[in-house]
Amino acid sequence: MTQTSGITMAVFVIYILGVFVLAGLSHQLLSRKSFLGEYFLGSRGLGTWALALTFAATSASGGSFGGYPSLIYSHGWILAFWIAGYMIMPLVTMGLLGKRLNQVARKTDAITIPDVLRDRFESTTVGLIASCLIIFFSICFLVAQFKLGALIIEDTFNLKWSRSYEISLLVFAVTVIVYTAYGGFRAVVWTDVMQGIVMGIGVVVLVPIVLSKTGGLENTTRELANQAPLAITSVPGPEGKKGTFNDLAVRAIAEPIPAELVYLKPVNSEAVLKIAWANAVGDGQVVQVTMATDADGTVTTTANDIKQAIEQHPEFGQILEVEIPYKNDKDGQGATGVIGFPKEASEYRYTFLHGEEFLFGPGRTNKGSPFHSLGLIISFFFMWTIIGMAQPVTLVRLMAFKDSRTLNRAMMTVTIYYALIYLPLVFVVMAARSELPLLTPEDSDRAIVLVATRVVAGMGIWHQALGAIFVAAPFAAVMSTVDSLLLLISSGAVRDIYQRSINPHVGQRTMKWASYAMTVIVGVVVTVLATHPPDFLQKIIVFVAGGTAAVFLWPMVLGLYWPGMTRQGAIASMLGGFSVVVGLFGPTWVGHGRINLMGFHPAFWGVVASLVLAIVVSKISGPPPSHLTRKYFSRASGVDQ
Amino acid sequence: MADVSRDITEVNDDPIFRHTRREAWFIMILWTACLIYNCTYCYLYGYLSHPPHPDSTGPSIGEMVGPLTSFDRDPATLTTPLGLGIPDWVFYGVVMPWLFCIVATFWFCLFIFVEDDLSSADASPENSE
């Protein structure tokens with residue numbers, strides 16, 4: 001084991017031990033307080049730092065230190081625009097609903113989000129729909145996050161065993177299930193605080209180190225403007241199987257600059273790679289490499305073969321440079337997987353990205369389409385703020401703080417925290433770009449880890465420890481999301497479905513063991529599902545984020561602020577929003593793209609449909625019972641139940 | 001509908017509800033201002049071209065706004081304000097409004113947000129510390 005991996009292992013072990021210690025301390029509190037309120041809501045006792053950091057850490061998820069830096073690496077400065085909604089996210093997500101939701105939850109002693117909706121509209125149906133949809137969405141999301149957690153362990157420790165994924169998954173699952181089930185909400189919050197500190201310190205310390213080591217942003221921005229046009233291919237292996245990518249990077253080092261690079265599907269047992277020049281027609285302006293196939297017609301040519309074939313043409317060597325990008329493969333043999341073509345595709349087409357495309361919008365995907373068009377600009381600003389506000393894991397936290405002053409201080413804290421994390425991450429990755437190896441879109445998920453380990457390499461043991469902390473940050477982010485979701489499902493099943501809908505007279509002791517058991521059962525079920533996760537996990541994550549917003553945003557917002565909202569309006573809003581999102585995402589489950597009406601993201605339309613239905617159906621079915629409007633909107637409501 | 005309005009007017013006198021509603025209006029106005037400024041500025045001054053969404057179903061919002069070719073950015077005009085290495089459009093379109101939002105959030109928390117007593121709404125004392 002190298003010194004660096006030894007330090008990484010030490011940081012991981014200390015971190016996991018810390019998590020278990022916090023779970024133990026939290027469990028002691030469970031015996032002294034009302035079980036359900038403490039287990040699922042921490043007895044509404046969160047202070048400023050706990051609320052701020054659990055809010056920030058939970059909403060961060062693994063993507064903040066995996067997918068987001070990867071996108072910065074792949075598309076450049078446009079990501080500062082892409083993430084810009086975070087400038088006002090803390091104020092919107094915490095300030096718009098926080099105090100009012102906390103007040104309403106206290107009125108009826110609600111512990112969960114379905115509790116709040118059920119009591120606000122005095123409807124078991126509303127509560128059950130909310131519970132079932134939370135469980136559905138959360139399980140989908142958990143499968144993706146469990147897989148991500150296992151991959152981080154496998155990747156960090158470079159495990160090469162035949163069952164390394166399953167073993168990593170087991171380690172991740174046991175850790176997170178045990179401390180969540182044993183410690184409940186307070187353990188989750190305390191570990192979130194620890195995770196939030198780890199993530200925050202990681203970024204804050206990394207920024208000056210990277211900027212000083214790389215000579216600052218000015219140099220790298222100018223270098224990027226002059227960067228040679230580059231095409232990075234990433235063709236899935238046979239039958240779209242992941243892990244056998246055949247990656248190749250072609251860089252134009254002189255005029256004329258190539259226009260595109262095309263893989264053509266095998267025809268008559270012969271597949272072809274063509275690199276075509278701008279405005280070119282004819283053989284003289286096209287590099288064409290014939291790729292070998294076996295008896296079944298499967299391509300057997302590797303990226304290395306193609307690289308060698310192109311380099312055998314000296315006339316092209318003067319204007320093209322072919323590279324094999326960094327590959328985080330376990331056998332260390334580089335891009336050796338053979339090219340495969342999904343049945344419906346006849347070709348793979350890649351365009352050359354110019355240096356200035358990393359400095360300005362709209363950015364481009366490696367298949368040539370614009371990365372951040374106008375519809376998506378508005379959709380993302382909308383998603384980060386308005387949709388972020390409606391996530392059940394964040395809403396639950398707004399029910400758990402102890403007083404208004406706590407919320408007030410936490411909003412300021414999270415605002416500073418996000419400003420220190422999300423924009424500086426753009427600075428860090430952009431500044432370090434020239435120090436990183438050439439990465440494919442898939443391997444660019446490791447961009448921030450490579451920044452932390454390579455840029456600080458050779459700077460002494462403390463800097464290596466910093467690198468190790470950064471390696472742990474995505475793991476911490478995934479854990480902080482997973483533990484919250486486990487409790488969300490458990491509370492949905494035990495509190496909302498069993499206690500409030502099936503057996504209202506169940507005893508405290510039964511509820512206690514049912515809560516422990518349900519948390520463990522959910523964890524085990526998700527672990528089993530994650531052993532064979534579907535390939536479209538990223539699509540699931542986007543679908544879940546949009547779907548939960550379309551279901552919960554307006555019933556919650558209008559329920560809290562509009563006395564005229566009725567239970568029929570709430571039901572129509574939830575089911576309508578859900579149907580629209582499912583319908584627009586539908587094509588993705590059969591291998592096609594989602595439906596972007598007018599260029600807007602499906603989540604946007606789901607939220608719009610949910611709003612329209614909530615208002616129209618409430619107007620038609622109203623007015624709501626007067627005792628409900630008095631209870632929730634009148635000074636003299638007291639605890640009128 | 002008139003009855004509903006009268007009923008609502010009569011009952012919505014909960015002080016916490018009124019405070020939170022006023023605070024919500026402030027937040028929504030600020031959010032709208034940020035959305036309009038950030039999206040408009042960056043889209044107009046930070047884009048090499050303004051293509052519509054490639055997979056749009058029906059007319060794309062990008063097409064409806066127009067081609068905006070007169071706003072296509074010339075890469076040669078790139079500047080980096082204050083020598084920070086941040087492209088001008090990011091500096092003025094994202095960094096500056098982000099700083100403004102930090103100030104606005106603190107302003108909101110210190111001068112607009114009312115620290116109401118939430119414990120008065122408690123239904124069950126055993127669940128609060």
Side-chain angles (χ1 to χ4, degrees), chain A residues 34 37 43-45 77 80-81 84 87-88 91-92 95-96 99-100 102-103 106-109 216-218 221 225 356 359-362 369-370 373-375 377-378 381 385 402-405 408 411-412 415 419 423 561 563-564 593 595-599 622-623 626 629-630 633-635 639, chain B residues 3-4 7-8 11-17 20-21 23-24 27 31 34-35 38-39 42-43 46-48 51-62 65 73 75 78 80 83-87 90 94 97-98 101-102 105-106 108-109 113 115-116 118 121-124 126-129:
Chain A
S34 166
S43 304
R44 291 189 222 284
W77 279 105
F81 186 22
M87 68 175 69
I88 197 165
L91 188 61
V92 173
L96 210 61
K99 190 167 57 174
R100 177 74 174 141
N102 193 288
Q103 180 210 15
R106 284 169 189 261
K107 276 180 188 276
T108 55
D109 199 16
L217 276 171
E218 187 73 25
T221 297
E356 63 262 25
L359 302 177
F360 297 98
S369 54
S373 56
L374 184 58
I377 290 169
I378 300 168
F381 199 99
T385 50
K402 65 181 176 186
D403 54 28
S404 296
R405 176 176 288 258
N408 193 10
M411 277 192 284
M412 292 190 272
T415 299
L423 212 44
Y561 286 106
I595 299 172
N596 297 299
L597 283 176
M598 294 176 67
S626 58
T629 49
R630 272 201 305 278
F633 297 91
S634 169
R635 180 197 297 268
V639 289
Chain B
D3 289 339
V4 178
D7 186 37
I8 290 168
V11 298
N12 64 3
D13 63 349
D14 177 351
I16 297 179
F17 167 64
T20 52
R21 190 176 55 180
E23 291 156 10
I27 292 170
W31 177 82
C34 287
L35 170 70
N38 171 252
C39 293
C42 290
Y43 189 62
Y47 273 50
L48 296 168
H53 194 292
D55 304 317
S56 177
T57 303
S60 166
I61 181 77
V65 168
R73 184 70 190 263
L78 176 72
T80 53
L84 295 174
I86 301 170
V90 175
V94 180
W98 202 307
C101 280
I102 294 173
T105 300
F106 273 68
F108 170 83
C109 290
F113 185 88
E115 292 182 355
D116 292 295
L118 297 174
D122 278 336
S124 170
E126 68 174 359
N127 276 342
S128 59
E129 285 187 339

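We name chains A, B, ... by the order of the sequence lines, and we start the count at 1 in each one.
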Item to check | Nearest atoms (heavy-atom pairs only) where A:A419 meets B:W98 | outcome: CB-NE1, 3.5 Å

Checklist entry - Given a strict heavy-atom distance threshold of 4.5 Å, which part of B:V90 is in contact with chain A: side chain, backbone, both, or neither? => result side chain

Checklist entry - If you round to the nearest 0.5 Å, how far is CZ of B:F108 from CG of A:N408? => result 7.5 Å

Checklist outcome for this item: One option among B:T105, B:I102, B:L48, B:I86 has the most heavy-atom pairs under 4.5 Å with chain A, and it is B:L48

Checklist entry - Hey, does B:T20 have a side-chain heavy atom less than 4.5 Å from the side chain of A:Q103? => result no

Next on the checklist: Could you measure the distance from the CE atom of A:M87 to the CG atom of B:L35? Nearest 0.5 Å is fine.
Outcome noted: 10.0 Å

Checklist entry - CZ of B:F17 to NZ of A:K99: how many Å apart, nearest 0.5 Å? => result 12.5 Å

Item to check | B:P52 to A:P370 - nearest heavy-atom pair and separation | outcome: O-CG, 3.9 Å

Checklist entry - Are B:Y47 and A:I377 side-chain neighbours, meaning at least one heavy-atom pair lies under 4.5 Å? => result yes

Checklist entry - Hey, are the side chains of B:R73 and A:L359 touching, using non-hydrogen atoms and a 4.5 Å cut-off? => result no

Item to check | Engaged part of A:D403 at the chain B interface, taking heavy atoms whose separation is under 4.5 Å | outcome: backbone

Checklist entry - Is there a side-chain contact between B:L78 and A:T221 (heavy atoms, below 4.5 Å)? => result yes

Checklist entry - Sequence neighbours excluded, which residues qualify as salt bridge (Lys or Arg N to Asp or Glu O under 4.0 Å) partners of A:R405? => result B:E115

Checklist entry - By a 4.5 Å heavy-atom criterion (distance strictly below it), what part of A:A225 contacts chain B: side chain, backbone, both, or neither? => result neither

Checklist entry - What are the two closest heavy atoms between A:W77 and B:G85, and how far apart are they? => result CZ2-O, 3.7 Å

Checklist entry - Is there side-chain contact between B:P75 and A:F360, with at least one heavy-atom pair below 4.5 Å? => result yes

Item to check | Contact leader toward chain B among A:I595, A:L374, A:I88, where contacts are heavy-atom pairs under 4.5 Å | outcome: A:L374

Checklist outcome for this item: Checked A:V92, A:T385, A:I378, A:L217 vs chain B; the most non-hydrogen pairs under 4.5 Å come from A:L217

Checklist entry - Contact part of B:Y43 toward chain A, heavy-atom cut-off under 4.5 Å: side chain, backbone, both or neither? => result both

Checklist entry - Where do A:R100 and B:D14 come nearest, in terms of heavy atoms and distance? => result NH1-OD2, 4.0 Å

Checklist entry - Does B:D116 offer a backbone N or O that forms a donor-acceptor pair with the side chain of A:S404 under 3.5 Å? => result yes

Checklist entry - So how far is it from B:I27 CD1 to A:L96 CG, rounded to the nearest 0.5 Å? => result 5.0 Å

Checklist entry - When rounded to the nearest 0.5 angstrom, what is the spacing between CG in A:L91 and CH2 in B:W31? => result 12.5 Å

